[in-house]
Structures are given as C-alpha cells and as structure tokens.
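As structure tokens, the structure follows; a few thoughts come after it.
By convention in this document, chain letters (A, B, ...) are assigned in the order of the sequence lines, proteins followed by strands, and residues within each chain are numbered from 1. Computation of the quantities below employed the complete heavy-atom set of this structure, encompassing side-chain atoms and omitting hydrogens, waters and symmetry-equivalent molecules.
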There are 2 protein chains.
Amino acid sequence: MADDYHHGNLRAAVLEKAAEVIGREGPYSFSLRSLALELGVSHTAPRHHFGSREGVLNALATEGFRELGDRLRANRDAGGDFLDAGVEYVRFATDHPAHFDVMFTPSLLGDGDEELNAARTAAFGELRAGVDSLADDDRGVEDAAAGMVAGWSIVHGVATLALTGNLDRSGLRDLFRDTDLLSITRRSAGLLFGPRTPSSPPQKE
Amino acid sequence: MADDYHHGNLRAAVLEKAAEVIGREGPYSFSLRSLALELGVSHTAPRHHFGSREGVLNALATEGFRELGDRLRANRDAGGDFLDAGVEYVRFATDHPAHFDVMFTPSLLGDGDEELNAARTAAFGELRAGVDSLADDDRGVEDAAAGMVAGWSIVHGVATLALTGNLDRSGLRDLFRDTDLLSITRRSAGLLFGPRTPSSPPQKE
DNA sequence: AGAATATCTTTACAGCGGTAACTTTCCACC
DNA sequence: GGTGGAAAGTTACCGCTGTAAAGATATTCT
C-alpha cells in the first residue's frame, strides 16, 4: 500500500466518491476536478484509470448492471417470484441511486464500451428471464409481451419516480403514511397480475 | 414589445433550440453559449430572459408541466378513461422528449421558481384527478392508493424506458414488431385493471 | 541492480457559466 | 417632437471544467 505518491486504490475510490456525489447532486454537477481534489490527487489522476469523464460514468454503469444482474439471478435461483424480482429491482435502485440513474441515462454514456454493453446485455437478459415467467404462469396473462413491458415499466416507474422525489412531490406518497417503498412496490406491482393462487381475481369480470 | 431589435423573439427561440438540443443529446451537453451562437446572438443574451442556464431549464420544465396539465385536463373533460389519460401521458412524452426529461429531473432545476412549482402542482393535480377515478371505478380495485401509484408508474416507466432507448436495447420492443408505442402502452397499462366493460380484452398478438 | 511499467504530477489550452459595465434600440410620456 | 428610461444585446473578464502532452515517481519484473 503506497502512501504518498500512489493513492493505492484510486480507481475504486473514484467510483465510490462519484456515486456519492451523483447520488446527492445528480450526474450533471459531477466534476472530475472536484472529485480529485477531495481525494487528494491531482485533477488528471483519474484520467489514467478511466480515460475521460464519460469513462467514469461508463464504469459506474457497468458496475451497476453487474450488480443488478447478480441480484436478479440470485432471486431467480432462490425460486423468487416475478413480484420478488420487481421488488429486488426497486431495492437495487434505492441501494444504489447513482448507479441506477447513470445506468438508464444513455446520453451520459458512450456506446463503444464493450464491458458496459456486455454487462447491460447480461442484466437485461436476467430481467427478461425474470419477467418471462409471466408467459407460462398461472396468473392468466394473455398478452405475454404486454405483460413483460408492464412488469418492467411499473417497477422502473416506481423506482424512478421515488428516486427523483417526484412521488413525494405529487402527494401520492402521503397516502401510504410511513409504509416503506418496497412494500408500496409490492402492493402496486401486485395489482398487475394478482396473486399466483387465484383467490381474488385482478379484474372484475 | 420589442420584436426585431436584433433577433426578435429570443426567449421562444432559445426554448425551442434548447428542446431540440436536449432531445438529441440530453441535458448535459446543452450549453448556453453554443445555443446563443447558433441563434446568432452573444452568449449573454439569453441571460436577460432567463437569468441563468438553470433558468432556461426551469422555463422548459414549466412549459412542459403546463402542456401536460392541459392535455390531462382536456382528456378528462372529454370523458377520457384512466387508460386514455395514461396514453395521453406517454404521447406527451414522445411529443416533447426534452421537456419530459427536464421536468422529471429535479437535479437540473431550482426549487425556488414559483411559476415552475405552480405549474408542477397543477399538473400533478390533474394527474391525481385522472388516476383518482380508479378509487370509485367499476374495475374493483381494492387498494386505491396502490392503484394510483401503479397507474402512474406504469405509464411513466414506459415513457422513460422508451425515450431513453432502453426498451429497444432490452429486446422487449421487438416482441411487438412494428406496433407503435401508444398501442403498446394501452395494451400494457390495460393489464393493470382490465377493461371497464368486459367485452373486448386487450388482444393477443 | 537495472529496466520496464503503472501510476500520479505538472503544465497548458479551449470551452463553459456567471458577473459587471457598457451600448444600442425601442417605447412611453411630456 | 424631442427626451428619459426601460428593454435587449454586447464586450471584457473571472474562475471552473475536461482534455491533452510530457515529466516525475513508485512498483514490478528480470
């Protein structure tokens, strides 16, 4: 472990600080220079590890897609429901708000990063696998394609609206008193297909 | 009012160009200077109308919330369904992607802009009104609060995932061949509560 | 020990947003 | 019909930012 000249693990430190700053102030005010200053290195030091500002964001997104993919896979391996996968999706978003933000904001990212593209493809594969189960489920979803879009959209919507604070701003959040977001997610997404055992059908007739 | 000093209606021109640039490259690369250059005015000219860069984004968001609120109100006045309101929401997003982006990215905006806050509150009011009807609807939604969150989330999720290109990237988009996004929205959101009159369920593919 | 490499620093540069002081145009008023 | 003031736009400057190239230092490998 070097002390003076070499930071030690600058790459990890940059990613950590970047996630912290972006989580607090968003991806647009995030600056490499202020980050390097906080870490006690020169402002061009991160460039060696990431190439550019976009490189940092690419790395952050890659990290995020890997983690999300891992979680979805773990959920599936544990026999997790579609609903469980959705809740896991929102849990990831609240655990790593900065990652989530950057991952789904392509205008911040480059499209030539192979590691990023691979991680994203893998994560999207897990996502589809998790949501694909709807097709041969016993929930009676006829329009399978629409069901998948609905499933992904609803959890992505909850996560996005919550993280940006718009759920609070809308006043809808207050209807749940102090119910935590994951419970809200389960209740809301649960309306989509209803419980697996058809005790209470999702629609009227 | 001054209509052709050097430019004419700079304020409107700035907003239009800003929406164009942001729609194409995202809000990060949007720069007052390049914008002013394109419009043939000095880089400080927009400042007179908007105060700052953030002011331009605030104005864009305000414009967007007003338009969205108007559309939702019009839909309601025309006897529009909850589903119609959702489709209208997505239509607005695709019609004005830049506005939609800025509107729901509070880290780009200031929180002291009264016009913005008023427009947002009004639009959110319309949103709730549109989605509130679920409570005393004939669709048999028991958990009204969760229903509202689900309704908003699903259309917001569809809009966000589509606009950012992530729906395409995921491969889910291909399942619909060349169905347009609004039809996909109706089919997906329709799964939430089912049809009001149980005559024609959202068709299969 | 010595060379090679990875890591970080220094220095330089162009573009950006913000501010202040100034100029030009327009409009309303006496 | 001239005049004063407000509105709109300009120029000059500051500090901050990302990028780039070249030099310095630590680590690693032989």
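For the pair B:Leu37 CG and D:dT11 P, the interatomic distance rounds to 12 Å; values are reported in whole Å. When rounded to the nearest whole Å, the span between CG of A:Leu57 and P of D:dG18 equals 10 Å. Distance, A:Leu10 CG to D:dA26 P: 16 Å, rounded to whole Å. In this structure, B:Phe50 atom CZ and D:dG9 atom P are separated by 11 Å, rounded to whole Å. When rounded to the nearest whole Å, the span between NE2 of A:His48 and C1' of D:dG23 equals 13 Å.
For the pair A:Asp84 and A:Arg186, the salt-bridge criterion is met [side-chain N within less than 4.0 Å of a carboxylate O]. Residues A:Arg66 and A:Glu115 are paired through a salt bridge, judged by an N-O separation under 4.0 Å between the basic side chain and the carboxylate.
Within a 6.0 Å radius of CD in B:Glu25, more than 12 heavy atoms belonging to other residues, nucleotides or ligands are found. Residue B:Arg128 places its CZ atom among more than 12 non-hydrogen atoms of other residues, nucleotides or ligands, all under 6.0 Å distant.
In terms of phosphate contacts, B:His49 brings a side-chain nitrogen or oxygen within less than 4.0 Å of OP1 or OP2 of D:dG9.
For B:Tyr28, the side chain to side chain contact (heavy atoms under 4.5 Å, CB included) criterion is met by A:Tyr28, A:Arg53, A:Leu108, not counting sequence neighbours. Residues satisfying the side chain to side chain contact (heavy atoms under 4.5 Å, CB included) test with B:Asn166, not counting sequence neighbours, are A:Phe104, A:Pro106, A:Phe124, A:Trp152, B:Leu161, B:Thr164, B:Arg169.
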Taking only N/O atoms, report every protein-nucleotides 16-18 of chain C pair under 3.5 Å with atom names and distance.
| residue | atom | partner | partner atom | Å |
| --- | --- | --- | --- | --- |
| C:dG17 | OP1 | B:Leu32 | N | 2.7 |
| C:dG17 | OP2 | B:Leu32 | N | 3.3 |
| C:dG17 | OP2 | B:Arg33 | N | 2.9 |
| C:dG17 | N7 | B:Arg33 | NH1 | 2.2 |
| C:dG17 | O6 | B:Arg33 | NH1 | 3.2 |
| C:dG18 | OP2 | B:Arg53 | N | 3.0 |
| C:dG18 | O6 | B:His43 | NE2 | 3.1 |

